[in-house]
> 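Mind having a look at this structure? Questions to follow.
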Amino acid sequence: MSKKKQQEFVKEITPMEEDFSQWYTDVILKTDLVDYAPVKGCMVIKPYGYGIWEGIQRVMDRRFKETGHKNAYFPLLIPESYLKKEADHFEGFAPEVLWVTHGGNEKLAERLFIRPTSETIICSMYSKWVQSYRDLPVLINQWCNVVRWEKTTRPFLRTAEFLWQEGHTVHATPEEAQEETMQMLEVYRQVAEDELAMPVLLGQKSDKEKFAGADRTYTMEAMMHDGKALQAGTSHNLGQHFSKMFDIKYLDKDGELKFGWSTSWGTSTRLIGGIIMTHGDNRGLVMPPRVAPTQVVIVPIASHKEGVLDKAYEIKKQLQNDFRLELDNRENYSPGWKFNEWEMKGVPVRLEIGPKDIEQNQVTLFRRDKLEKFTASMDNLNETIANLLDDIHMTMFNNALKNREEKTSITTDYEEFKTLMVEKPGFVKTMWCGSRACEDKMKEDTNATIRCMPFDQTPVGDKCMMCGGEAKHVVYVAKAY
RNA sequence: CUGGGUAUAGCGCAGCUUGGUAGCGCGCUUGAAUGGGGUUCAAGAGGUCGCAGGUUCAAAUCCUGUUACCCAGACCA
């Protein structure tokens, strides 16, 4: 494509180097992922955006089932008294809870709140269901919406209402609960890296950053194109806080009545924001093939000529059982227009079929990640495309990993750190003494936060970067969404 | 919650300073040609100017209030 043409095309999307926020907004609106809704902070997820969510659900739910979990559904509305049972939890969520006060014209005897998360209602039900050690473990997940009345919202990254999954389990021992917490973090890692091609750092949250009411919170953190980190999923070991508050007790083998040990873990439509900001470029979206709503788009060329459309349909029939695909037979758009549109929408593979291809028993393929065009034989087409999609996944993952590595610095010098946060935003791997004071100071000075204490604790120094005291933890620090 | 900005056709905008018939581009509809990287021509449709008051013979335009959204912070997935 000529430079001029490319510039004309790209003018619809603000270049990310110029204004990353605007780039993000342009992309999500112009690719038909979402539309703004009439209520503040709420978004409509349009079919193409929802298709991504369905893809995520598909690959994640499969792993939930494989690890022994079942889906259920709990109510949207929860009585006010439930929220108050766990003090830390209440303190954490109360400021952003949305209240229901009236039924019709009548004021409710007890206010209800719309779930910002479901620990309270689910644990209260578990206390009825759990009687014996034979009832454990309870391994339940739910796919649902939650509402958090946030001050500032951005489509996918932070909306007042969002879709997510929340797993809630109860176990007989702390060891089992810990094992479950780590297992689900690993499931999340697999989804992020093996399905979304989005590399993540795994680790534990500091006390300051952990979930309200958890003993320990583990997280996966991804790096976006603008150098900001995205918390992409969390897994919490809730200890006995909730089982004690909600009275989840079981009679053990030894005849003693004991409190259960619980976990919860969640990922949300925020992952879609992560996909956009991990892989997207100045031409728009780049969809990871394994969750792409459309993996292959067939664009017939000169479709009015005899045999072209027939061949396109024939290819569609041949491929449609193996791939999510679309045949773009719209009459009123030129091929060039269609190319640009599907590239903007990030469809991994475009298949062009025209008179010249038919003559030579070939198709023309285009891969979105590398913007490369080439021809392939009509024979073994399914296999060719399957391999191509795998290669695209790998290439995307490696690019994202390379990007993260380029955006990761190591330092234990606080002045250098402050400069880095301004001049080279990204992760900084450093040492921390473990005190809240140092954590707060860093946030105040730079707006960066400790994203996690990675599992690999090989030291990169022996003194805390902030106070110079004895270092206790290796940490990754970054500004975050 | 703090600071800044915006609201006029589906989308992007002009018009407002200085009140007087509602404009442009894209998109949309119809027809024809075109078709391997955002095609071309012709003819059309479409808006109580965010909402509520006020001033005026007359308000998109001036005044008051209000709501929503966007951006940047602080807070959170």
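Labels below follow one simple rule: chain letters A, B, ... track the order of the sequence lines, proteins then strands, and each chain is numbered from 1.
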> How about A/L76 and A/N145: do any of their side-chain heavy atoms sit closer than 4.5 Å?
yes
> Would you say A/E166 and A/S118 are linked by a side-chain donor-acceptor pair, where the criterion is simply a distance under 3.5 Å?
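Their side chains do contain a donor-acceptor pair, which is all the 3.5 Å distance test asks for.
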> Distance check: side-chain N/O of A/R154 vs OP1/OP2 of B/C71, anything under 4.0 Å?
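For B/C71, OP1 or OP2 has a side-chain N or O of A/R154 closer than 4.0 Å.
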> Return the nucleotide paired to B/U6: Watson-Crick means purine N1 to pyrimidine N3 with N6-O4 or O6-N4, wobble means G-U with N1-O2 and O6-N3, both under 3.5 Å.
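Check on B/U6: paired to B/A68, both distances under 3.5 Å.
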> So, is A/T25 close to the B/C71 phosphate, meaning a side-chain N or O under 4.0 Å from OP1 or OP2?
yes
> What does B/U30 pair with, Watson-Crick or G-U, if both distances are under 3.5 Å?
B/A42
> Which base, if any, makes a Watson-Crick or G-U wobble pair with B/G73, both distances under 3.5 Å?
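Matched B/G73 with B/C1 under the 3.5 Å cut-off.
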> Roughly how many Å is it from CD in A/E96 to C1' in B/C1, rounded to a whole number?
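Value for this atom pair: 14 Å.
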> Using the C1' atoms only, state how far B/A22 lies from B/A14, rounded to an integer number of Å.
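Pairwise C1' distance, B/A14 against B/A22, rounds to 12 Å.
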> Taking the P atom of each, how far is B/A32 from B/C26, in whole Å?
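Their P atoms lie roughly 22 Å apart.
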> Counting only side-chain N and O atoms of A/K30, is one of them less than 4.0 Å from OP1 or OP2 of B/C11?
no
> Reckon A/Y36 has a side-chain N or O less than 4.0 Å from the OP1 or OP2 of B/C11?
no
> Does A/S21 make a side-chain donor-acceptor contact with the base of B/A72, cut-off 3.5 Å?
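Answer no: no donor N or O sits under 3.5 Å from an acceptor.
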> Does B/A74 have OP1 or OP2 sitting under 4.0 Å from an N or O in the side chain of A/N447?
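Yes, because at least one side-chain N or O of A/N447 sits under 4.0 Å from OP1 or OP2 of B/A74.
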> Partner of B/G36 by Watson-Crick or G-U wobble geometry, both contacts under 3.5 Å, or none?
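Here B/G36 is not engaged in any pair, so there is no nucleotide opposite it.
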> Between A/T217 and A/H236, is there a side-chain donor-acceptor contact under 3.5 Å, judged purely by atom types and distance?
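Judged by distance alone, the side chains do pair up.
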> Where is the tightest heavy-atom contact between A/L230 and A/Y481, given as atom of each residue plus distance?
CD1-CB, 3.7 Å
